[in-house]
K.L.:
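So that we are looking at the same thing, I have put the structure below in structure tokens.
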Amino acid sequence: MSETPPNTLQYRFDGPEDAPVLILGPSLGTTWHMWDRQVPELAEQWRVFRFDLPGHGGAPAHPAGSVAELTARLLATLDALGVQRFGYAGCALGGAIGIELALRHPERLASLAVVAASPRFGTADEFRQRGVVVRTNGLDPIARTAPDRWFTGGFAAAQPAITEWAVQMVRTTDPGCYIAACEALAAFDVRPELGRVGVPTLVLVGSDDQVTGPAEARTLVAGIPDARLAVVPSASHLVPVEQPAAVTDLLVHHFTTAWQQPFETGQTALPGMPAVPVAVPAAAPQPAPVAEIAPAPAPAQPAGPPDRYQTGLKIRREVLGDAHVDRALAQADEFSGDFQDFVTRYAWGEIWDRPGLDRRTRSCITLTALVAGGHLEELAFHTRAALRNGLTPDEIREVLLQAAVYCGVPAANSAFRVAQQVIREETTPAG
């Protein structure tokens, strides 16, 4: 077990201290206990390292809003422990961390397995709306529906204790950290980069996974040069929990046969780390270097001016949602295209990107201005934007009450009617 500074993760070790390190990464809403039934067998050959996401499993609630930040915290934890090279298996969000490691830190990774993962998890809108639901209603609605997403119906019915364990695991997660993790998944999209994953990769998925199923798994296999697919029958999203023996066998086989040589060709491994596949007798030991040598960094390129259109498009999508922006851009033609470019470049790429006000404050100002102008259609989608930017329904109500004083009661009356409908739609839990 560990004490956890803000820039690291809560962790635990199992297995021999001198064995090669194998990391197991959890899914959103779960704890390291999702891997409990794999650990006894894996720990016979590996030093198994498990970690909790921020605010999960009693870990300190230091939210991390991107997969890159979660990966950096994992590496900081490993650096503090002296772990330089390792195998990695991760489920869903844990799998995204594994892909991030393979893309940004290939010298650290000996072998990779991703479970129930995808190069892009659904749409950004889906995860940002989930954050709105949690911010408004807490985690109970998400917790109650977790078994439907995670397990097949037959397993949930036959294993009521595990089903209740899953519900309680989500229910006890810190809401702010859960919302931040939703933001991390909303922003994660590595589809164009899969060809740069150079580590041997096992892509493992449950046959009945309705969250990130076989179609997403095949996308990973098609994009990663050295990837193999394993579809586990009669399993849904949390396949390590639902089919533990099958997953354990697949992981043992993969990490035993596909443990890649250190990053630099011909270089020996760090102390305690294998330079040959696990379970193959090692050659005569060679003197180990103090540290592995990373490739020389590419020369820095002079920074040019920011691309305001691309910056604006990114912010516009984050605030208004992909569906709204796609619809607006699709409707643009020769007559209106210049206006869409203007709005994206200057309103979103210039003003919304300025550091002087945070997005919550900008949403408050925008709602007030739209009430004053009577722009009810724009008020509707900026109410959605305000919820995405972190305002609660109570705070939106206060903004509209303030506007009633300074913009007029009739204008505020219409605004309350529009905002009330949007808030009902956005904050009602699915199902």
Side-chain angles (χ1 to χ4, degrees), residues 1-5 8-27 30-53 57 59 70-91 94-95 97-98 100-102 105-115 199-202 204 240 244-245 247-263 267-283 285-286 288-292:
M1 296 289 291
S2 63
E3 295 183 4
T4 313
T8 59
L9 299 172
Q10 177 171 285
Y11 68 89
R12 67 171 290 165
F13 274 119
D14 294 278
E17 292 186 4
D18 59 349
V21 173
L22 176 59
I23 297 174
L24 302 178
S27 175
T30 73
T31 72
W32 64 43
H33 290 294
M34 67 162 285
W35 296 103
D36 277 353
R37 297 174 76 180
Q38 280 72 46
V39 168
E41 188 168 345
L42 294 178
E44 292 177 5
Q45 297 187 61
W46 290 278
R47 178 74 162 157
V48 177
F49 175 101
R50 288 182 285 170
F51 65 91
D52 277 329
L53 298 167
L70 288 168
T71 304
R73 293 191 192 182
L74 174 59
L75 289 175
T77 307
L78 297 171
D79 289 344
L81 296 166
V83 176
Q84 294 299 313
R85 192 166 170 78
F86 47 85
Y88 184 94
C91 183
I97 294 171
E100 183 78 7
L101 284 165
H105 307 278
E107 74 283 359
R108 305 292 292 269
L109 201 56
S111 191
L112 174 65
V114 292
V115 181
V199 68
T201 303
L202 172 67
L204 195 157
V247 171
T248 302
D249 289 347
L250 288 164
L251 293 180
V252 168
H253 181 266
H254 174 69
F255 287 109
T256 298
T257 58
W259 195 277
Q260 187 169 267
Q261 297 286 339
F263 190 73
Q267 184 166 334
T268 57
L270 289 170
M273 307 306 294
V276 294
V278 177
V280 176
Q286 300 293 321
V290 174
E292 292 188 354

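Nothing fancy with the numbering, it's 1 onward along the sequence.
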K.L.:
When you measure from the side chain of Gln10 to the backbone of Phe51, do you find a donor-acceptor pair of N or O atoms at a distance under 3.5 Å?
P.N.:
no

K.L.:
Taking the side chain as everything from C-beta on, heavy atoms only, tell me whether Cys91 gets closer than 4.5 Å to Trp35.
P.N.:
yes

K.L.:
Determine the minimum heavy-atom distance between Met34 and Ser27, stating which atoms define it.
P.N.:
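The pair with the smallest heavy-atom distance is SD-N, 3.6 Å.
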
K.L.:
Going from CD on Glu100 to OG1 on Thr71, what distance comes out if it is rounded to the nearest 0.5 angstrom?
P.N.:
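Between Glu100 CD and Thr71 OG1, I get 4.5 Å after rounding to 0.5 Å.
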
K.L.:
Measure the shortest side-chain to side-chain distance between Arg47 and Leu22 over non-hydrogen atoms and say whether it is less than 4.5 angstrom.
P.N.:
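Side chain of Arg47 against side chain of Leu22, heavy atoms only: no contact under 4.5 Å found.
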
K.L.:
When rounded to the nearest 0.5 angstrom, what distance separates OG in Ser111 from CZ in Phe255?
P.N.:
5.0 Å

K.L.:
With a 6.0 Å cut-off on the ring centroids, do Phe49 and Phe86 count as close?
P.N.:
no

K.L.:
Give a yes or no on whether the backbone of Pro240 and the side-chain of Arg37 come within a donor-acceptor separation of less than 3.5 Å.
P.N.:
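No.
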
K.L.:
Can you tell if the side chain of Pro200 reaches within under 4.5 Å of the side chain of Gln260, non-hydrogen atoms only?
P.N.:
yes

K.L.:
Using every non-hydrogen atom in the two residues, find where Arg108 and Val83 come nearest and quote the distance to one decimal.
P.N.:
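Looking at all heavy atoms of both residues, the closest pair is NH2-O, 2.9 Å.
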
K.L.:
Which pair of heavy atoms, one from Tyr11 and one from Trp32, lies closest together, and at what distance?
P.N.:
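For Tyr11 versus Trp32, the nearest heavy atoms are C-CZ3, 3.4 Å.
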
K.L.:
Measure the shortest side-chain to side-chain distance between Ile97 and Tyr88 over non-hydrogen atoms and say whether it is less than 4.5 angstrom.
P.N.:
yes

K.L.:
Any non-hydrogen side-chain atom of Val252 less than 4.5 Å from a side-chain atom of Glu44?
P.N.:
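Val252 does not reach Glu44 side chain to side chain.
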
K.L.:
For the pair Thr256 (side chain) and His254 (backbone), establish whether a donor and an acceptor sit closer than 3.5 Å, ignoring hydrogens and angles.
P.N.:
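Not confirmed, Thr256 side chain does not pair with His254 backbone.
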
K.L.:
CG of Leu9 to OG1 of Thr77: how many Å apart, nearest 0.5 Å?
P.N.:
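That separation rounds to 4.5 Å.
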
K.L.:
I want to check something: taking the side chain as every heavy atom from C-beta on, are Leu101 and Leu112 in contact at a cut-off of under 4.5 Å?
P.N.:
no

K.L.:
Any idea which heavy atoms bring Thr248 and Pro244 closest together, and the distance?
P.N.:
OG1-O, 2.7 Å

K.L.:
With side chains defined as the heavy atoms from C-beta onward, is the minimum distance between Leu81 and Phe13 less than 4.5 Å?
P.N.:
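Leu81 vs Phe13: side chains touch.
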
K.L.:
Enter the distance from Leu202:CG to Leu251:CG here, rounded to the nearest 0.5 Å.
P.N.:
6.5 Å

K.L.:
How many angstroms lie between CZ in Arg73 and CG in Leu53, if you round to the nearest 0.5 Å?
P.N.:
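Between Arg73 CZ and Leu53 CG, I get 10.0 Å after rounding to 0.5 Å.
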
K.L.:
Does a side-chain heavy-atom distance below 4.5 Å link Arg50 with Arg12?
P.N.:
yes

K.L.:
Testing the basics here: between Gly87 and Ala110, what is the closest heavy-atom pair and its distance to 0.1 Å?
P.N.:
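Closest approach of Gly87 to Ala110, heavy atoms only: N-CB, 4.5 Å.
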
K.L.:
Where is the tightest heavy-atom contact between Asp52 and Gly57, given as atom of each residue plus distance?
P.N.:
OD2-O, 3.9 Å

